[in-house]
Amino acid sequence: MSLTIYNTLAREKQPFKPIDPKNVRMYVCGPTVYDFAHIGNARPVIVFDVLFRLLRHIYGEKHVTYVRNITDVEDKIIARAAERKVSIRELTEGTAKVYQEDALALGNLPPTLEPRVTDTMPEIIAMIATLVKNNRAYVAEGHVLFDVASDTDYGKLSRRALDDMIAGARVEVAPYKKNPMDFVLWKPSDATMPGWDSPWGNGRPGWHIECSAMGEKHLGETFDIHGGGIDLIFPHHENEIAQSEGAHHGRPIANYWMHNGFLQVEGEKMSKSLGNFITIRELLAEKKFGAEQWHGRVLRLAMLGTHYRQPIDWTLDRLTQARTTLMEWARLLHDVQPADDPSGDVLAALSDDLNTPSVFAALHGLAAAARTNADDRRRLRRTLAFLGLYGGEKDVDFLVGQTIDAAAVEDLIARRNAARKTKNFAEADRLRAELTAMGVAIEDGAAGTTWKVMS
RNA sequence: GGCCACGUGGCGGAGUGGUUACGCAGAGGUCUGCAAAACCUCGUACCCCGGUUCAAUUCCGGGCGUGGCCUCCA
């Protein structure tokens with residue numbers, strides 16, 4: 001089985017060849033922890049978790065290193081902390097904790113490492129110093145700026161020409177910049193802001209340098225895969241490339257760049273002003289989206305229904321369908337012990353640039369076979385666990401926040417069966433209608449009557 | 001204004017130069033006291049206009065629509 005991935009750098013699918021099969025290395029841009037993560041933030045977390053799982057399967061669990069950073073120094077954090085009158089540490093720790101809980105609830109494995117900017121300051125300062133020494137950056141009015149004109153390759157990821165960008169003329173024109181496109185590596189902090197001592201005075205890092213420094217620190221100069229949302233291609237990833245390759249004499253930072261597509265909500269851009277901004281926490285724990293709570297695995301299944309590079313429309317209908325599917329699988333697999341290995345068809349579909357819709361076609365085929373075959377049930381159970389989609393829940397577990405009085409249901413069923421025994425079918429049908437009204441569906445099987453909650 | 005994606009049957013969503021994706025919903029059937037589940041059967045889709053081709057949903061050009069980036073937002 002060979003893994004193929006779409007490389008944004010080349011704009012084509014390429015066979016994946018790791019630098020070192022004994023240590024496959026992936027870096028994904030994590031959150032800036034100033035507010036709860038929204039459902040759009042969940043997409044890269046889920047997508048690259050699936051890739052992480054696949055890589056672990058191919059190369060072995062101990063031979064894959066996955067780094068997802070936490071950015072805990074940033075101007076929006078400073079602003080939000082001031083606004084809420086809490087300390088920066090309090091804000092970033094609290095937000096990071098919720099983020100990690102959300103990620104776990106969505107069925108993601110923890111990354112190998114989750115480094116923080118505040119723990120990477122010596123490396124950040126060292127990398128900036130190297131860039132200055134290499135004549136790729138300059139000091140101006142307490143700032144250190146990357147000298148874009150020194151980078152003949154600048155724009156290779158986003159495929160934009162410097163001249164075009166300047167012509168766009170929406171760049172900040174600061175008088176101390178040599179070139180309008182030059183971006184900040186280090187900026188001065190006043191007494192009210194977090195700051196670190198550096199050769200350029202007390203200050204803090206610019207937006208992009210932290211990822212370059214954390215990547216180098218934990219994965220080396222060149223690693224295999226760098227991932228993130230498509231909106232990060234420019235300027236964030238472009239600037240990361242400029243910084244890292246500027247510090248490493250042109251040696252590439254990553255061989256493969258992967259970007260997930262954008263997310264919309266009910267056909268519209270998600271924004272606070274439109275009132276359709278939805279956080280992961282709200283979906284999981286509050287009855288806000290469709291006035292229901294949603295199980296993390298339902299959200300995960302819904303997210304993976306669309307190929308990661310396609311735009312995805314986050315709708316109520318999508319979540320309902322995902323829940324229906326998951327509940328069906330749960331009825332089939334609740335008591336089943338997993339097989340040793342996941343399905344080969346699923347692995348093959350996954351290996352084609354994470355074609356998760358194809359994966360689902362394979363899963364549905366397996367589910368059809370699993371209805372009559374125990375081996376297929378065990379295989380399906382194992383495959384869904386491998387994907388992080390199912391962990392042995394009962395079907396009703398996916399109806400979060402809905403409660404049914406089981407004793408009352410059992411009582412109605414008993415009365416109905418008594419009526420059926422005396423062929424009083426009118427009464428039996430009346431009792432069924434009562435159950436239906438409660439949201440309960442019943443099935444008369446060979447082993448007696450079973451019931452389930454309708455979704 | 002510049003650059004870039006996407007537009008598939010009621011819905012979701014892969015894929016392909018000529019042959020059934022798949023799922024949900026829906027219709028018919030077997031089964032059932034009635035149902036449900038299960039199983040069987042059913043949809044001849046690919047934004048518009050040109051072009052290339054024996055043949056285009058699939059390639060090329062234009063248009064329309066939606067969205068993204070260019071304003072430290074995944």
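Computed from a predicted model, the values in this text were never measured in an experiment. Per chain, numbering begins at 1; letters A, B, ... match sequence-line order.
On a pure distance criterion of 3.5 Å, no polar donor-acceptor pair joins the side chain of A:Lys269 and the base of B:C73. At a cut-off of 3.5 angstrom, the base of B:G12 holds no donor-acceptor pair with the side chain of A:Gln321. At a cut-off of 3.5 angstrom, counting only N and O atoms as typed in the model, there is no donor on one side facing an acceptor on the other between the side-chain of A:Arg160 and the base of B:C70. The base of B:C4 is not paired with the side chain of A:Asp231 by any donor and acceptor separated by under 3.5 Å. The base of B:A74 lies outside donor-acceptor range of the side chain of A:His259, with no N or O pair under 3.5 Å.
Counting only heavy atoms from C-beta on, A:Arg371 has its side chain closest to B:A38 among B:G2, B:A38, B:G23. Among the nucleotides B:A35, B:C69, B:A74, the one closest to the side chain of A:Phe234 is B:C69. The side chain of A:Gln264 lies closest to B:G67, out of B:A35, B:G67, B:A14. Among the nucleotides B:G12, B:A21, B:C73, the one closest to any side-chain atom of A:Ser358 is B:A21. Comparing B:C24, B:C22, B:C6 against the side chain of A:Ala361 picks out B:C22 as the nearest. Side-chain proximity of A:Tyr34 to the nucleotides B:G13, B:C34, B:C73 is greatest for B:C73. The side chain of A:Ile230 lies closest to B:G68 when the candidates are B:A37, B:G68, B:A74. Side-chain proximity of A:Asn260 to the nucleotides B:A74, B:C72, B:A35 is greatest for B:A74. Of the candidates B:A14, B:C6, B:C69, the closest approach to any side-chain atom of A:Pro311 belongs to B:C6. Nearest nucleotide to the A:Pro44 side chain, out of B:C70, B:G23, B:A74: B:A74.
Using a 4.0 Å cutoff on non-hydrogen atoms, the parts of residues 415-422 of chain A near RNA chain B are A:Arg416, A:Arg420, ordered by number.
A 3.5 Å limit on both hydrogen-bonding distances identifies no Watson-Crick or G-U partner for B:G33. Nucleotide B:C6: paired with B:G65 (Watson-Crick or G-U wobble, both distances less than 3.5 Å). Base pairing analysis places B:G50 opposite B:C60; the two distances defining the Watson-Crick or G-U wobble pair are each below 3.5 Å. Judged by Watson-Crick or G-U wobble contacts below 3.5 Å, the nucleotide B:G26 has B:C42 as its partner.
The side chain of A:Thr306 places an N or O atom within less than 4.0 Å of a non-bridging phosphate oxygen (OP1 or OP2) of B:G13. An OP1 or OP2 oxygen of B:G15 is reached within less than 4.0 angstrom by a side-chain nitrogen or oxygen of A:Asn355. Distances shown here put every side-chain N or O of A:Lys76 at or beyond 4.0 Å from the OP1 or OP2 atom of B:C72.
Rounded to a whole angstrom, the distance from the P atom of B:C4 to that of B:U8 is 22 Å. For B:A25 and B:A36, the P atoms lie 12 Å apart once the distance is rounded to whole Å. Here the separation of B:G10 from B:A27, taken at their C1' atoms, is 13 Å to the nearest Å.
One finds no salt bridge joining A:Arg297 and A:Asp397 here, because no Lys/Arg side-chain nitrogen approaches an Asp/Glu carboxylate oxygen to under 4.0 Å. Here A:Lys187 pairs with A:Asp75 in a salt bridge; the nearest charged N to carboxylate O distance falls below 4.0 Å.
Using a 4.0 Å heavy-atom cutoff across all strands shown, A:Asn41 reaches at least one base atom of the nucleic acid. Contacts of A:Pro31 with the nucleic acid, taken as non-hydrogen atoms under 4.0 Å apart, are absent. The residue A:Gly228 sits close only to the backbone: its heavy atoms come under 4.0 Å of sugar-phosphate atoms, none of a base. Contact annotation for A:Leu263: base contact, defined as any heavy-atom pair under 4.0 Å involving a base atom.
The aromatic rings of A:His226 and A:Trp257 lie parallel to each other, with less than 30° between the two planes, well short of the 60° mark. Ring geometry for A:Phe183 against A:His208 counts as perpendicular: the plane angle is over 60°, on a 0 to 90° scale with 30° as the lower cut.
Between the side-chain ring of A:Phe425 and the base of B:G33, a stacking contact exists by the 5.5 Å and 30° definition. The ring of A:Phe262 does not lie on top of the base of B:G67; it is either too far (5.5 Å or more) or too tilted (30° or more).
Atom-to-atom, CD1 of A:Ile442 to P of B:A37 comes out at 12 Å; the value is rounded to the nearest Å.
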Table please: side-chain donor-acceptor pairs of residues 76-84 of chain A below 3.5 Å, with sequence neighbours left out.
{"unit_1": "A:Arg80", "atom_1": "NH1", "unit_2": "A:Asp35", "atom_2": "OD2", "d": "3.1"}

